[in-house]
A.B. asks: 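One structure, as structure tokens, below. Some questions next.
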Protein chains: 2
Amino acid sequence: MAKKIPTKDQCFYVSGLLKTLAHPQRLLILCHLVEGPRSVNELTELTDASQSAVSQFLGRMKAEGLVKSERDNQFNNYEIANDQIKQIIQALDKIFNQ
Amino acid sequence: MAKKIPTKDQCFYVSGLLKTLAHPQRLLILCHLVEGPRSVNELTELTDASQSAVSQFLGRMKAEGLVKSERDNQFNNYEIANDQIKQIIQALDKIFNQ
DNA sequence: TTATGATATTATAATAATCTAATATTGAAA
DNA sequence: TTTCAATATTAGATTATTATAATATCATAA
């Protein structure tokens, strides 16, 4: 069977996701989130970005559907939004980390 | 065994690659190149970008090591530079195209 | 209440990316 | 040698992205 080349719409959609992934600290945050939910504070400590920056990263990734969050009183715990995102991170890990 | 979180250096490197991938027409070009080498003209016809834009896309992707090119007289045939790049495209295809 | 820790928002300056138009190069063919 | 097709380069205006600083919100504890 012949390979299917993606449509322009698909390329727009996927490249939009990649654009959000394509930032060193957002990517690092997502790698951590693959391990499980983390609070903003935890993620701030795990990266070397400021609290404001991390909150903005998470806000953008949430707006674009890469992560979701659940409030636990003062804490806001973020996690990977869906399996496609998890699969991208895992695929990148497999390709570059072995 | 515990999962390995990438180092900052790895995140910089991979996010740099992703940044170059994260463009609808560059991504489409790469999807075509997975099928085999293509000339600049062919790629210009397969996308709806101008010849100048396609040449610039290819130039950037070549500079960043995503593609390589081989001149065949007047033609310049581009292809995927290495297996890691091919694997990224194929992984994305698997995740989003099925 | 007041204070405090956790998080979000806003504004802004600096930088980077993008597209287009114009022009240059290069090899082959006439 | 002139022409033409294929490709590359350059310059510029426009727009997007980024990091930082300052401030706001909001829940809890004192």
Side-chain angles (χ1 to χ4, degrees), chain A residues 8-9 11-30 32-33 36-81, chain B residues 8-9 11-30 32-33 36-81:
Chain A
K8 282 167 199 165
D9 281 350
C11 285
F12 263 93
Y13 174 70
V14 176
S15 67
L17 278 185
L18 293 178
K19 214 169 190 175
T20 305
L21 278 171
H23 181 285
Q25 280 153 340
R26 287 196 296 264
L27 184 59
L28 181 57
I29 287 171
L30 289 171
H32 281 290
L33 291 182
R38 297 283 185 271
S39 71
V40 181
N41 248 0
E42 287 177 302
L43 294 170
T44 301
E45 283 163 14
L46 290 171
T47 64
D48 52 2
S50 68
Q51 180 274 318
S52 173
V54 171
S55 181
Q56 288 178 70
F57 293 152
L58 291 166
R60 170 167 173 183
M61 292 197 284
K62 186 175 180 180
E64 312 220 4
L66 283 79
V67 301
K68 57 188 176 182
S69 66
E70 197 175 327
R71 215 168 232 291
D72 172 19
N73 292 327
Q74 331 125 59
F75 299 93
N76 206 1
N77 292 304
Y78 283 83
E79 59 189 303
I80 301 284
Chain B
K8 281 167 201 166
D9 282 349
C11 286
F12 263 92
Y13 174 70
V14 176
S15 67
L17 279 184
L18 293 178
K19 212 168 192 175
T20 305
L21 279 170
H23 181 285
Q25 280 153 340
R26 287 196 297 262
L27 184 58
L28 181 57
I29 287 172
L30 288 171
H32 281 290
L33 290 183
R38 298 282 185 272
S39 72
V40 180
N41 248 1
E42 288 176 301
L43 294 169
T44 301
E45 282 163 15
L46 291 170
T47 64
D48 52 1
S50 67
Q51 180 273 318
S52 172
V54 171
S55 181
Q56 287 178 68
F57 294 153
L58 291 167
R60 171 167 172 182
M61 292 198 283
K62 185 175 182 180
E64 312 219 2
L66 284 78
V67 303
K68 57 188 176 183
S69 67
E70 198 174 326
R71 216 169 230 291
D72 172 19
N73 291 328
Q74 332 124 59
F75 299 93
N76 206 0
N77 293 305
Y78 284 82
E79 59 188 304
I80 302 285

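Below, chains carry the letters A, B, ... as their sequence lines are ordered, and counting in each starts from 1.
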A.B. asks: Any N or O donor-acceptor pair linking the side chain of A:Q25 to the base of D:dT18 at under 3.5 Å?
C.D. replies: no

A.B. asks: Considering only side-chain heavy atoms of A:R26, which listed nucleotide, D:dA6, D:dT18, D:dA11, is closest?
C.D. replies: D:dT18

A.B. asks: Atom CG of A:D72 and atom P of D:dC26: how far apart are they, to the nearest Å?
C.D. replies: 17 Å

A.B. asks: Could you pull out the closest heavy-atom pair between B:I80 and B:K68, with the gap in Å?
C.D. replies: O-CE, 4.0 Å

A.B. asks: Flag the pair A:P24 / B:K8 as yes when at least one side-chain heavy-atom distance between them is below 4.5 Å, and no otherwise.
C.D. replies: no

A.B. asks: Indicate, with a heavy-atom threshold strictly under 4.0 Å, whether A:K19 touches base, sugar-phosphate, or nothing.
C.D. replies: sugar-phosphate

A.B. asks: Would you say A:N73 places a side-chain N or O within less than 4.0 Å of OP1 or OP2 belonging to D:dT28?
C.D. replies: yes

A.B. asks: Can you tell me how far P of D:dA27 sits from CG of A:N77, to the nearest Å?
C.D. replies: 16 Å

A.B. asks: Using the side chain to side chain contact (heavy atoms under 4.5 Å, CB included) rule, take B:L30 and B:V67 through it: C-alpha gap first, then chi angles, then the decisive distance, then the call.
C.D. replies: CA-CA 8 Å; B:L30 288 171; B:V67 303; 3.7 Å; yes

A.B. asks: Given A:E79 and A:L33, is the side chain to side chain contact (heavy atoms under 4.5 Å, CB included) satisfied, shown in steps?
C.D. replies: CA-CA 6 Å; A:E79 59 189 303; A:L33 291 182; 5.5 Å; no

A.B. asks: May I have the distance from B:F57 (atom CZ) to C:dC19 (atom C1'), rounded to whole angstrom?
C.D. replies: 8 Å

A.B. asks: So does B:H23 get a side-chain nitrogen or oxygen closer than 4.0 Å to the phosphate oxygens (OP1/OP2) of C:dC19?
C.D. replies: yes

A.B. asks: Please work out which residues in residues 36-53 of chain A have a non-hydrogen atom less than 4.0 Å from an atom of DNA chain C and list them by number.
C.D. replies: A:S39, A:V40, A:N41, A:Q51, A:S52

A.B. asks: Search all heavy atoms of B:A49 against all heavy atoms of B:V54 and return the closest pair with its distance.
C.D. replies: CB-CG2, 3.9 Å

A.B. asks: On a heavy-atom basis, which atom in A:S15 and which in B:L21 lie closest, and how many Å separate them?
C.D. replies: CB-O, 4.4 Å

A.B. asks: Closer to the 5' end of DNA chain D via nearest nucleotide, is it A:R60 or B:F75?
C.D. replies: B:F75

A.B. asks: Using whole Å, report how far CD1 of A:I29 lies from P of D:dT18.
C.D. replies: 12 Å

A.B. asks: Could you state the atom-to-atom distance from CD of B:Q56 to P of C:dA22 in whole Å?
C.D. replies: 15 Å

A.B. asks: Between A:R71 and D:dA27, is there a side-chain N or O to OP1/OP2 distance below 4.0 Å?
C.D. replies: no

A.B. asks: At under 4.0 Å, does any side-chain N or O of B:N76 touch on OP1 or OP2 of D:dT7?
C.D. replies: no

A.B. asks: Has A:Y78 got a side-chain N or O lying under 4.0 Å from the OP1 or OP2 atom of C:dA6?
C.D. replies: no

A.B. asks: Does the side chain of A:D48 come under 3.5 Å of the side chain of A:Q25 through a donor N or O and an acceptor N or O?
C.D. replies: yes

A.B. asks: Rounding to an integer number of Å, can you tell me how far A:L18 CG sits from C:dA17 C1'?
C.D. replies: 16 Å

A.B. asks: If you only use heavy atoms from C-beta on, which nucleotide in D:dT7, D:dT18, D:dA27 is closest to the side chain of A:Q74?
C.D. replies: D:dA27

